[in-house]
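Working notes, beginning with the structure itself.
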Amino acid sequence: MRPVRFYVFDARLLILALPWLFLPNWWTTALVAAAMLACRAAEARGYRLRAAVRALRSLSAGRRRALHAARQRRFTDFG
């Protein structure tokens, strides 16, 4: 299934434009433009919007281990 597009952007990015409609200041314009350009750059690298958000969330969560830290095995040097 192809995503819905609005020109070259994903249509879900229009949600980011809602604050700009109600508060058209220079900082909301810059924030919306930066977010749209970042999402467009992610799409140019091969990510779709949902995959880019998932990758960003995964990156911010950090590395997760399968075992709890108290139950992890430590390496022992027998030499």
Side-chain angles (χ1 to χ4, degrees):
M1 186 162 70
R2 292 179 16 192
V4 178
R5 310 289 287 178
F6 181 73
Y7 292 110
V8 295
F9 298 107
D10 193 333
R12 287 174 278 204
L13 286 175
L14 292 177
I15 294 171
L16 294 175
L18 286 177
W20 180 78
L21 289 174
F22 295 110
L23 188 65
N25 290 331
W26 65 270
W27 62 272
T28 54
T29 304
L31 187 68
V32 168
M36 291 183 126
L37 287 175
C39 291
R40 182 67 185 142
E43 285 182 358
R45 293 186 63 142
Y47 286 103
R48 292 206 174 149
L49 181 63
R50 292 184 72 185
V53 170
R54 190 180 313 121
L56 183 65
R57 188 180 64 215
S58 173
L59 183 67
S60 68
R63 185 169 185 244
R64 296 179 53 141
R65 303 190 187 279
L67 293 175
H68 190 269
R71 296 197 51 178
Q72 280 198 344
R73 296 183 184 137
R74 303 283 181 228
F75 292 113
T76 305
D77 185 15
F78 293 109

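Under the side-chain hydrogen bond (donor to acceptor under 3.5 Å, both in side chains) criterion, Thr29 pairs with Trp20, not counting sequence neighbours.
Taking all atoms of both residues into account, the shortest heavy-atom contact from Ala35 to Leu16 is CB-CD1, 3.6 Å.
The line from CG of Leu31 to CG of Asn25 is 11.5 Å long, rounded to the nearest 0.5 Å.
Follow the hydrophobic side-chain contacts under 4.5 Å out from Leu21 and you reach Leu13 in the same cluster.
Grouped with Trp27 in one hydrophobic cluster are Leu23, Trp26, the linkage being side-chain heavy-atom contacts under 4.5 Å among Ile, Leu, Val, Met, Phe, Trp and Tyr residues.
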If you look only at distance, which donor and acceptor atoms sit under 3.5 Å apart when one is on a side chain in residues 38-47 and the other is two or more places apart or in another chain?
unit_1 : atom_1 : unit_2 : atom_2 : d
Arg40  : NH1    : Glu43  : OE1    : 3.4
Glu43  : OE1    : Arg5   : NH1    : 3.4
Glu43  : OE1    : Arg5   : NH2    : 3.1
Glu43  : OE2    : Arg5   : NH1    : 3.3

